[in-house]
There are 2 protein chains.
Amino acid sequence: MVESSRIAARGGLRADARRNRERVLVAARAVFAEHGIDAPMATVARRAGVGVATLYRHFPTRDALVQGAFAQQMETCVRALAEALAAPDPWQGFQRLVETVCALQREERGFPAAFVAAFPESTSEHARSRQRAERDFTTLVRRAQASGALRADFHPSDLAMVLLAHCALVTALPGDGAASRRLVAYLLQSFRADAANEPLPPPSALTLRSLPIAADDSRRQRVPRA
Amino acid sequence: MVESSRIAARGGLRADARRNRERVLVAARAVFAEHGIDAPMATVARRAGVGVATLYRHFPTRDALVQGAFAQQMETCVRALAEALAAPDPWQGFQRLVETVCALQREERGFPAAFVAAFPESTSEHARSRQRAERDFTTLVRRAQASGALRADFHPSDLAMVLLAHCALVTALPGDGAASRRLVAYLLQSFRADAANEPLPPPSALTLRSLPIAADDSRRQRVPRA
DNA sequence: CTCCAAACGGACGATCGCGTCCACTTGAGA
DNA sequence: TCTCAAGTGGACGCGATCGTCCGTTTGGAG
């Protein structure tokens with residue numbers, strides 16, 4: 001009884017199973033960072049030192065694996081949003097939020113694609129947390145606009161736009177933080193109210209939910225010109 | 001003699017070969033637009049009503065096909081640059097250039113990826129025209145900065161940054177011109193000198209040449225949650 | 001220590017895209 | 001019309017990835 005509850009408490013998995021699961025997650029992060037989230041499952045398995053079957057038992061689909069691998073980063077994003085909302089100056093909060101998320105995308109290679117790709121899918125749990133994130137972000141935007149720092153015509157959907165564009169930059173240019181940082185800086189400046197000298201085209205219907213499987217980064221190889 | 005020169009004048013191809021070549025190009029544009037530039041060669045062949053062998057004879061590699069399919073758009077880009085240089089107001093020229101190229105990426109789906117992907121490769125001819133494009137663009141930037149409209153810390157490499165980011169947006173959101181237009185508007189505003197209220201991080205080493213195989217858009221499919 | 005269900009690993013059949021090869025067709029010069 | 005090189009099409013062999021199946025191993029309860 002004591003023993004069995006100890007197992008249940010640790011996820012109902014046998015000790016070796018738990019260990020393997022963890023190994024797989026570590027390997028997945030490494031492989032995804034190196035080869036993109038479309039890397040062969042077998043590669044992840046080999047790197048983890050387990051058989052494919054083991055991998056598939058723990059994560060039946062590639063998406064499950066991706067989700068597992070980057071759960072921590074997602075968590076960080078959620079936390080960043082909470083912090084942004086709690087910040088005394090809403091513009092500061094907004095700016096920090098964008099910078100934090102983009103920095104995360106920059107640092108954890110493979111994550112950006114995962115981040116963008118993760119949204120469309122809907123576990124009821126995920127759907128709810130996503131909805132909450134959107135609502136919170138909208139609140140943040142409104143506050144920042146009310147404070148006069150964020151331009152009035154900024155639309156919450158612009159966040160998805162930024163993240164998508166930024167994701168591509170990071171994915172396409174592994175290791176080039178410079179471009180990423182610069183893009184973010186440009187955009188943040190144009191989001192300030194005092195830069196709003198000209199009207200914008202209408203916002204897109206883009207939402208964090210419901211959207212785009214984005215730029216994956218399968219490193220395409222040039223065919224050597226014969 | 002008259003006959004043979006007629007053939008030579010039309011590319012040295014037999015009438016049916018020429019016809020097929022054209023069909024392939026049309027099919028390629030359609031297929032690339034629909035499935036991304038990584039679509040199976042066989043799909044293009046089928047759509048063109050041709051055998052694979054025929055396709056491969058005309059275009060030995062996928063890159064050759066991509067290049068052929070979007071040659072016209074590339075041409076348009078080059079022309080746009082020339083026009084921008086010729087414009088009386090360099091800022092106007094700059095702005096129109098960015099808008100034109102982005103519009104092109106928006107309209108001809110599949111082209112953005114082709115555009116970005118096309119640069120790294122170097123036929124001597126291509127290399128030269130690329131170099132020229134970069135030199136011309138740099139000139140344009142300098143003039144626009146001298147006129148006082150373009151912020152002084154804008155760096156020519158920022159163009160590549162914009163195109164890359166924009167490419168991802170267009171590719172990921174087929175049919176959503178809104179996001180694309182909005183991103184371009186935001187960025188153009190932040191490029192204006194009068195928006196340069198805060199310093200930027202240093203520019204990346206990013207060049208049009210020598211760079212990134214970008215976001216392809218192989219439509220990844222959600223695995224239906226069982 | 002014994003036992004068995006949980007966990008494991010890797011072989012395997014299936015699918016897919018690539019690019020070549022070769023036997024057949026056809027355009028066009030004579 | 002005749003002829004043949006140019007052009008064509010599709011079958012084929014190769015290699016990669018997927019996801020499953022099944023015989024073997026092992027954790028841990030009794």
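For DNA chain D, the residues of residues 41-50 of chain B within the heavy-atom distance limit of 4.0 Å (strictly under) are B:G49, B:V50, sorted by number.
Here B:Y186 pairs with A:F191 under the ring-ring contact (aromatic ring centres under 6.0 Å, His included) rule; sequence neighbours left out. A search for side chain to side chain donor-acceptor pair (under 3.5 Å) contacts involving B:D16 returns B:R14, not counting sequence neighbours. Residues satisfying the side-chain contact (heavy atoms from CB on, under 4.5 Å) test with B:P60, not counting sequence neighbours, are B:A64. With sequence neighbours excluded, the residues forming a side-chain contact (heavy atoms from CB on, under 4.5 Å) with A:R79 are A:E75, A:T76, A:E83, listed by chain and number. Taking B:R21 as the reference, nothing meets the side chain to side chain donor-acceptor pair (under 3.5 Å) condition, with sequence neighbours excluded. With sequence neighbours excluded, the residues forming a side-chain contact (heavy atoms from CB on, under 4.5 Å) with B:A45 are B:V52, B:L55, listed by chain and number. Take B:F70 and apply the ring-ring contact (aromatic ring centres under 6.0 Å, His included) test, not counting sequence neighbours, and it matches B:F111. Partners of B:E107 by side-chain contact (heavy atoms from CB on, under 4.5 Å), not counting sequence neighbours, listed by chain and number: B:A103.
For residues 38-62 of chain A, there are no ring pair (Phe, Tyr, Trp, His ring centres under 6.0 Å) pairs, not counting sequence neighbours.
Side-chain atoms of B:Y56 lie closest to C:dG19 of the nucleotides D:dG28, C:dG27, C:dG19. Nearest nucleotide to the side chain of B:V52, out of D:dG10, C:dA28, C:dC18: D:dG10.
Inspection of the A:H35 and A:T43 side chains reveals no N or O donor paired with an N or O acceptor under 3.5 Å.
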### Task
Step by step, work out the salt bridge (charged side-chain N to carboxylate O under 4.0 Å, His left out) result for B:E99 and B:R106.
CA-CA 10 Å; B:E99 279 168 354; B:R106 206 181 301 132; over 6 Å; no
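B:A53 comes within 4.0 angstrom of a nucleotide base, judged by non-hydrogen atoms across all strands.
To the nearest angstrom, P of C:dC16 lies 17 Å from CG of A:D38. Between the C1' atom of D:dG9 and the CZ atom of B:R19 lies a distance of 15 Å, rounded to the nearest Å. Rounded to an integer number of Å, the gap from A:R18 CZ to C:dC8 P is 11 Å. A:L55 has its CG atom 14 Å from the P atom of D:dT17, to the nearest Å. The CZ-C1' distance, from B:R23 to D:dG9, rounds to 13 Å in whole Å.
End-to-end axis angle of the helix from C:dC1-D:dG30 to C:dA30-D:dT1, from C1' rotation axes over five pairs per end: 0° (rounded to 10 degrees).
Checking the phosphate oxygens (OP1, OP2) of D:dC18, a side-chain nitrogen or oxygen of A:R62 falls inside 4.0 Å.
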Would you list the protein and nucleotides 5-7 of chain D atom pairs, both N or O, that sit under 3.5 Å from each other?
from  : atom 1 : to    : atom 2 : distance (Å)
D:dA6 : N3     : B:R14 : NH1    : 2.6
D:dG7 : OP1    : B:R14 : N      : 3.2

